[in-house]
There are 4 protein chains.
Amino acid sequence: MTSADQSTPPRPPARRARRADAERNRAAIIEAAAVVFAEQGCAVDVREIARRSGVGMGTLYRHFPTKDELLATVLEREFTAWLTAAHQAAAATEDPWEALTGFFEQALAHQAGNRALVESHTATGAASRVCARHREAFIDELRTRCVDAGLLREGVTTADLVLLSASLSQVIQATGDSHPGQWRRLLRISLDGLSSRNTEPLPEPGSRAESSANG
Amino acid sequence: MTSADQSTPPRPPARRARRADAERNRAAIIEAAAVVFAEQGCAVDVREIARRSGVGMGTLYRHFPTKDELLATVLEREFTAWLTAAHQAAAATEDPWEALTGFFEQALAHQAGNRALVESHTATGAASRVCARHREAFIDELRTRCVDAGLLREGVTTADLVLLSASLSQVIQATGDSHPGQWRRLLRISLDGLSSRNTEPLPEPGSRAESSANG
Amino acid sequence: MTSADQSTPPRPPARRARRADAERNRAAIIEAAAVVFAEQGCAVDVREIARRSGVGMGTLYRHFPTKDELLATVLEREFTAWLTAAHQAAAATEDPWEALTGFFEQALAHQAGNRALVESHTATGAASRVCARHREAFIDELRTRCVDAGLLREGVTTADLVLLSASLSQVIQATGDSHPGQWRRLLRISLDGLSSRNTEPLPEPGSRAESSANG
Amino acid sequence: MTSADQSTPPRPPARRARRADAERNRAAIIEAAAVVFAEQGCAVDVREIARRSGVGMGTLYRHFPTKDELLATVLEREFTAWLTAAHQAAAATEDPWEALTGFFEQALAHQAGNRALVESHTATGAASRVCARHREAFIDELRTRCVDAGLLREGVTTADLVLLSASLSQVIQATGDSHPGQWRRLLRISLDGLSSRNTEPLPEPGSRAESSANG
DNA sequence: GATGAATGAGGTTTCATTCAT
DNA sequence: GATGAATGAAACCTCATTCAT
């Protein structure tokens, strides 16, 4: 009566007895950790996370043998979720420029108020490695589309865009509570600086040329 | 009654001497703290600072009742020094735009490699309050000059410029060793977005309008 | 009432089958525990044992309600095995003294490299109780043979020999890798001190008389 | 009136103000640690030591940055105290053999009931290194005296004596409470085996020759 | 019976701050 | 005023044992 009503889902190959409970715990831990990390940054007490997820310390450390590992998992999950959404949004429009700006919009909106996520940009831990590569690949895709359409300023690299994203995301943190939404102005300014309307060449990476000629 | 019996206050210079010693200690502490904070960020052990300044913990805490207060003092001193230099640089040119770009250049170059300084942008401690105000005043001055000369994009506020500065300074930290100088490209892009060449209105602070029209 | 309703006990072999499985598990646990305890001493993580025996923690604890109990079982098994071999060796020679020295040789050789076995001499846990009794009985047998043949020094008790064995076994551990075989010298020295050639009386148990007169 | 009464001890060069208190704490810590380690072995909770010495955890770790360091200090102190006493005892007699036996007597009596001290023989930590060297030097001295007087069995090395000492000290632990003083019998036996009365050669280090010929 | 996830007290160590000298 | 030892609350992590499935 309880499980096998109609279209029985192909019974998982047994041995998953406790796994369900464990998976629920693991999910609870990640959930709680995500909240706590977002609220208070990477430096929180692990016990706070254990308390909020309703599990003991041992359980937490069974699933994540190290605080860093937990953090990495949480961040990766958030990165992935965000990238997935970004892909969908990008696929929903024909306009390359709209795809690019939409990406930035969404990236920043997503990171607003997530302290750990922002801190992770600075962190050099192994956590961000994988995520970084995924993000880079996607940004490169967006860039190529804009370049092909002649919309992007000459010489703008993927690294530039990655950096711009990281840069703005950290601003969000600072303005988060006091000036919500101000980052949109900065984003607009930067994007305008990225448009092919600007014809002056960018300084070579590593060069020390003067920054801008406004005449 | 105990030491100075025979009238004619014998040693006011003695107290002065003490004062000088204390002042020297204070300076040593700030000096050492500046180095340590710059090298290792805000999270260093206070004892490291005491050790490097050659004073005891008690002395340190007599001058600065809290680690945060010491940090604030250090940061403020650095802000002040930097702002002074910035003022001089700004006064040395007639061109308002050059003054503005020069400011950014110098601000960012100054912050490269100073971990505490960059972290302070995110920190909500009392440390940054004072500094923020000074910086703001100066940026506002630069902005006004540009606006008066018709060089700055319509609607750009001081807050925008402050945020841009903070934003880029954090990029410097992230790219510091691996991609030195890349921040100059980002700066150039942003400054181009700030020029009065861009005529589209910026989104209202707090609004959610679309970010950019590239047509 | 639940399983065997229709009289004629239907599946005693079934329960036997279960028993066999359990017995196999028990054997696997002991086997693995013996290896791990020998390698790493008594302080190993129980999970290491569970992992190596291929059973879950619950199974392990069903068979051995306590880590100490498992340890006791393992040690007893090893003692038994060793004692059996010792018995055979002792029965293979007519010479009582050779039987005694052979026993020591074999005891020590057997314990070289088994950390838990050596540690157990110091440990006051319930583990060593049983083993101790068996060993004692056998040593007493050897002693009696030597005494009857007039080969053993006057007054040497079984307890003395037990203690000598324990003592030397710990030496083996200490010298194990660096000076293999040095214990044989010590054994020889001790055995010579045990021979009936030495006629001075031993100090009473508990007495504080001077230890030796070498003249 | 308080300090400079008569024969003033040459005033310590100032700067020792707090040092006295700290030294008292350090002593208290070592004292407490010695007791606790002796009672319960090396594996005690550091907090127990802190509690018993009446200092906070921080104080303890200021003086001994690591539990191992504390243990090493305690052991070394005990070794030193013991060796000093042993030197004096050895100097008090003309008889080389009495000096040797006295040394063993005292060494073992001193270690009876000190769990950490005995455990340290097995431990390979850096703690015992220094102590070991001192002990070895002293034992070598005793040995030489006996050899020169023709009292010691041919071929007995310092290493043999060191090992014998360690071996017996561990026996003490095992018999400590139940059979106090039994180790004296074992010691006597071993010493008799060491006397020059025994003329059979010892097995070469590393050899596998038979252990003893009692005929 | 078997499984292995969950438990949580305890282990060592750090560090901002206070306080006796 | 200066000194630096003392403080003690956390922090991270381990592991013998229990218990739901």
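To find a chain, count down the sequence lines: A is the first, B the second, and so on, and within it residues start at 1.
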Requiring both pairing distances under 3.5 angstrom, list the stems that contain DNA chain F and are made of three or more consecutive Watson-Crick or G-U pairs.
E:2-21 with F:2-21
Check the distance between E:dC15's P and B:Leu71's CG and give it to me in whole angstrom.
16 Å
Taken to the nearest whole Å, CZ/C:Arg51 to P/F:dC15 is 11 Å
Which nucleotide in the set E:dA6, E:dG1, F:dC15 lies at the smallest distance from any side-chain heavy atom of A:His63?
E:dA6
Sub-4.0 Å heavy-atom contacts from residues 25-42 of chain C onto DNA chain F, ordered by number
none
Separation of F:dT3 P from D:Asp21 CG (nearest whole Å)
19 Å
State, yes or no, whether a side-chain contact exists between B:Ile29 and B:Arg24 at a heavy-atom distance under 4.5 Å.
no
Salt bridge (charged side-chain N to carboxylate O under 4.0 Å, His left out) involving B:Arg115 - partner list, sequence neighbours excluded
B:Glu119
Here the residues of residues 52-61 of chain B within 4.0 Å heavy-atom distance, strictly under, of DNA chain E are B:Met57, B:Gly58, B:Tyr61
Taking for each residue the nucleotide of DNA chain E bearing the nearest heavy atom, is the 5' side occupied by B:Lys67 or by C:Arg47?
C:Arg47
Please identify each residue that fulfils side-chain hydrogen bond (donor to acceptor under 3.5 Å, both in side chains) with C:Asn25, with sequence neighbours left out.
none
Restricting to side-chain hydrogen bond (donor to acceptor under 3.5 Å, both in side chains), what partner residues turn up for C:Arg52, sequence neighbours left out?
C:Glu39, C:Glu48
What is the distance from CZ of A:Arg24 to P of F:dT21, rounded to the nearest Å?
8 Å
In a table with atom names and distances, give each donor-acceptor pair under 3.5 Å that connects a side chain of residues 53-64 of chain D to protein atoms at least two apart or in another chain.
{"residue": "D:Ser53", "atom": "OG", "partner": "D:Ile49", "partner atom": "O", "Å": "2.5"}
{"residue": "D:Ser53", "atom": "OG", "partner": "D:Ala50", "partner atom": "O", "Å": "3.3"}

side-chain contact (heavy atoms from CB on, under 4.5 Å) with C:Ala34: which residues, sequence neighbours excluded?
C:Val74, C:Arg77, C:Glu78
Find the distance D:Glu69:CD to E:dT12:P and express it as a whole number of Å.
14 Å
Can you see which heavy atom on D:Ala116 is nearest to which on D:Leu71, and at what distance?
CB-CD1, 4.3 Å
Starting from C1' on F:dA2, measure out to CZ on B:Phe64 and report it in whole angstrom.
15 Å
To the nearest Å, how far apart are B:Glu48 CD and E:dA16 C1'?
15 Å
Side-chain contact test, heavy atoms from C-beta onward, threshold under 4.5 Å: evaluate it for D:Leu117 versus D:Phe79 and give yes or no.
yes
When rounded to the nearest 0.5 angstrom, what distance separates CG in C:Leu70 from SG in C:Cys42?
10.5 Å
So, the side chain of B:Lys67 versus the backbone of B:Val44: is there a donor-acceptor pair under 3.5 Å, distance only?
yes
For residues D:Arg26 and D:Thr73, determine if any side-chain heavy atom of one lies less than 4.5 Å from a side-chain heavy atom of the other.
yes
What nucleotide, of E:dA2, E:dA6, F:dT17, holds the atom closest to the side chain of C:Val46?
F:dT17
Which nucleotide wins on minimum distance to the side chain of D:Arg62, given the candidates E:dA6, F:dG4, E:dC15?
F:dG4
Using atom CD1 of B:Ile49 as one end and atom P of E:dT17 as the other, report the distance to the nearest whole Å.
11 Å
